[in-house]
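Taking it in order: structure first as structure tokens, then the write-up.
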Amino acid sequence: MSSMYRHGDAEIAGPGGIELQERHAHNASLHKEGSVTVAEDLPASSWPNANEDGGNKSASSDVLAMQRMGKDQQLMREYRYLSIASFACIAMATWEIGLFTIGQSLMDGGSPGLLWGTLWNFICAGPLWLSQAEMASMAPIAGAQYHWVSEFAPEKWQRFLSYLTGWTSTLAWQSGNTVGVFLVGGLVQTLISVFQETYAFPAWHCALMAAAAMILAYSGSVYCAKLLPYLQNVLLVVHVFAFFGLIIPIWVYAETATNQQVWLDFVNSGGWSTVPLAVLVGQLTPISQQVGIDTVAHMSEEVRDAPRTVPRAMLTVYGMNFVLMFIAFLTICYHLPHPQAALNEPSGYETIYVMKQSMSKGWVAVLLVIIILLTFASNIMYLTATSRDLFAFSRDKGVPFWTWLSKVHWKRKIPQNASLASSVFAILLSLIYIGSPTAFWAINSLLTVALLSCYDLSTGCVLYRRIYHPETLPPASFSLGKWGVFCNVWAIVWCTWSCFWCFWPAGLPVTAPDFNWASVIYAGVLIIALVYFVLKARFQYVGPVQDVVGRGVHRM
């Protein structure tokens, strides 16, 4: 007969509940950092329900992981290795989005800056994703970075740092959610311009189409949630075939640039004092294409055998995205002998200029329709991951209206309220574009900086734990072992370096319309978070480490 036991505010049914409740109370009395290890305090073999999935399709490793972290299994585990890897590839839409965000790199650095920047940032991001994959194996949970900060940070700092990380993560994913639907709006306008060359690209048209795309993405994410795990593999095939449908005509028919132009002729069109400085400022596109792979981590509570599956999927996506992205960038750069003409393309997308030089209007239109559909599918997946991030932080009482945002729909088994809130926020944020397209596109920089900040803090905390209290690190099926310190340090250096350059404007002189407003928005959100912490959150937010078995309640 099942008994009832409680983790935090959640009451859960399961055998052995009284025993676990007593142990949890015992853990809550432990305040000395590093005084207890997980293995010593609660052997995995004694955890309740270790071999039962409760109807949520959990593997035994998932049951053990969720019980160690003290969380209910509220969501259905529908995703497997291939489907979650496909999910992340579609959500990131690396080549689809990357090809339409290369303008700053071509202006500040040119083709060589874009290609060399992509190569060195891919190499430098490797230790970061190894570090993130290890943490995802230790604690596979939708909250990801803010949970990892809470669990691994020094005790006296865990609550405040995890709170800031939670807000930064929420800012990042909500920003990315908005950028994706606006790309759909911009590409629809570009499709119109293919057949109507006098089309003037009104800003309000783009905002309206972005809002429509967000409503459709919400419908797909919520009402087709059960179908998504089964559609991913089909969409991945389309993702790859469309890629070849784009690059093959360009390689066959477009005018080619010389090797000198592609690899050595750096450009400084932004008015910077030196070419090396221009190249560093132009890194936004190469850097932004290396972030977001933690989409997989935020879906952890819906992945079967997450401690093993999530790290494998993250590293697979990291490699696959680079291959497609680099070939796509190489294709454009080798067929861009007149970069200034591309920068003057009426649509604002240099890739469209190259497409027009190598394809008929009909084929350009067909490819644009396919890319729009793939980007729209990306919006659905991205919104799904965004809502899980918001749901997790709300579950730990980190944001206003957390009670409503943390609810899971009783039938669909998804955080529908978090999806609705994310969609409404994206539509409201889209109004910025009507007033200032430049200010709006700073959100792409904001997304990158906010994610890098989360990676920086979480990696720094696991490095601290690895050096000073290695016995408190949870076991991981994907472990860095003796390479852990090296990978963590390298990741921190690269994230900090990249954050610095993502705040720079595209060129000089800097005026209000050309200013990179990401720094202002980033600082503004942190101020709002601090005000909310002082007025409200400090009385209710403790941090998810309070529920981690073997760690006890950590309070300021």
Side-chain angles (χ1 to χ4, degrees), residues 78-102 118 122 129 176-177 179-188 190-191 213 216-217 220-221 224-225 227-251 285-286 288-296 298-299 303 309 312-332 349 351-352 354-355 359 363-386:
E78 301 281 5
Y79 291 90
R80 304 296 188 268
Y81 165 71
L82 183 57
S83 58
I84 195 61
S86 301
F87 179 98
C89 284
I90 300 302
M92 294 181 67
T94 301
W95 72 262
E96 294 94 335
I97 293 176
L99 284 177
F100 295 98
T101 58
I102 60 176
T118 299
F122 168 75
W129 290 114
N177 190 39
V179 169
V181 294
F182 256 86
L183 182 58
V184 171
L187 291 177
V188 171
T190 301
L191 180 60
L216 291 173
S221 178
C224 300
L227 296 176
L228 295 183
Y230 306 99
L231 292 176
Q232 304 308 318
N233 299 339
V234 175
L235 289 171
L236 183 63
V237 171
V238 177
H239 173 73
V240 173
F241 274 89
F243 171 79
F244 286 107
L246 173 71
I247 68 168
I248 289 174
I250 294 176
W251 279 105
T285 295
S288 66
Q289 297 309 306
Q290 300 301 332
V291 303
I293 297 172
D294 52 317
T295 304
V296 181
H298 291 288
M299 296 297 294
V303 178
T309 303
R312 289 172 56 211
M314 290 173 72
L315 297 177
T316 299
V317 173
Y318 167 69
M320 181 175 179
N321 279 354
F322 169 74
V323 171
L324 294 179
M325 175 178 60
F326 189 73
I327 293 174
F329 287 168
L330 195 67
T331 299
I332 296 301
Y349 300 127
T351 298
I352 294 297
V354 176
M355 292 171 67
M359 307 174 194
W363 189 239
V364 170
V366 168
L367 282 175
L368 277 175
V369 169
I370 295 173
I371 291 172
I372 289 169
L373 291 175
L374 285 170
T375 309
F376 172 68
S378 168
N379 297 159
I380 295 175
M381 312 311 164
Y382 204 94
L383 172 61
T384 301
T386 298

Next item on the list: Apply the test side-chain contact (heavy atoms from CB on, under 4.5 Å) to residues F322 and T118: give CA-CA distance (whole Å), side-chain angles for both, the deciding distance (0.1 Å), then the verdict.
Entry: CA-CA 8 Å; F322 169 74; T118 299; 4.1 Å; yes
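- Between I380 and G220, the shortest heavy-atom distance links the atoms CG2-C, 3.8 Å.
- The distance from atom OG1 of T351 to atom CD1 of I102, rounded to the nearest 0.5 Å, is 4.0 Å.
- Using a 4.5 Å heavy-atom cutoff, the side chains of L228 and M381 are in contact.
- Between the side chain of Y318 and the main chain of F122, a donor-acceptor pair closer than 3.5 Å is present.
- The heavy-atom pair separating V296 from A313 by the smallest distance is CG1-CB, 3.9 Å.
- No donor-acceptor pair under 3.5 Å is formed between the side chain of T94 and the backbone N or O of N321.
- Side-chain contact check for F100 versus I352: some heavy-atom pair is nearer than 4.5 Å.
- Going from atom OH of Y349 over to atom OG1 of T190 covers 5.0 Å, rounded to the nearest 0.5 Å.
- Annotation: side chain of V179 is not in contact with side chain of T101 (no heavy-atom distance under 4.5 Å).
- The backbone N or O of L374 lies less than 3.5 Å from no partner atom in the side chain of S378, so there is not a single donor-acceptor pair.
- The shortest distance between side-chain heavy atoms of E78 and Y230 falls below 4.5 Å.
- Each of L187, I90, V188, V181 was scored for a side chain to side chain contact (heavy atoms under 4.5 Å, CB included) with T375, with one residue passing: L187.
- Using a 4.5 Å cut-off on side-chain heavy atoms (C-beta onward), M314 and T295 make no contact.
- Taken from CG in N177 to CG in N379, the straight-line distance is 7.5 Å, to the nearest 0.5 Å.
- Here the shortest heavy-atom pairing between L191 and V369 reads CD2-CG2, 3.9 Å.
- When side chains are defined from C-beta on, I293 counts as touching M92, because their heavy atoms get closer than 4.5 Å.
- Using a 4.5 Å heavy-atom threshold, the side chains of T331 and F243 count as separate.
- Contact of the L246 side chain with the M355 side chain is registered, since non-hydrogen atoms from C-beta on lie closer than 4.5 Å.
- In this structure, T386 contributes its side chain and Y382 its backbone to a donor-acceptor pair below 3.5 Å.
- Atom CG of N233 and atom CZ of R80 lie 12.0 Å apart (nearest 0.5 Å).
- Considering all non-hydrogen atoms of both residues, V303 and M299 come closest at CG2-O, 3.3 Å.
- Across all their heavy atoms, L383 and S221 have their closest contact at CD2-CB, 3.9 Å.
- Smallest separation of non-hydrogen atoms from T285 and F329: CG2-CZ, 3.9 Å.
- Atom CG in D294 sits 4.5 Å away from atom NE2 in H298 (nearest 0.5 Å).
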Tell me which donor-acceptor pairs under 3.5 Å the side chains of residues 235-242 have, and how far apart each pair is, sequence neighbours excluded?
unit_1	atom_1	unit_2	atom_2	d
H239	ND1	W95	NE1	3.4
H239	ND1	E96	OE1	3.4
H239	ND1	E96	OE2	2.7

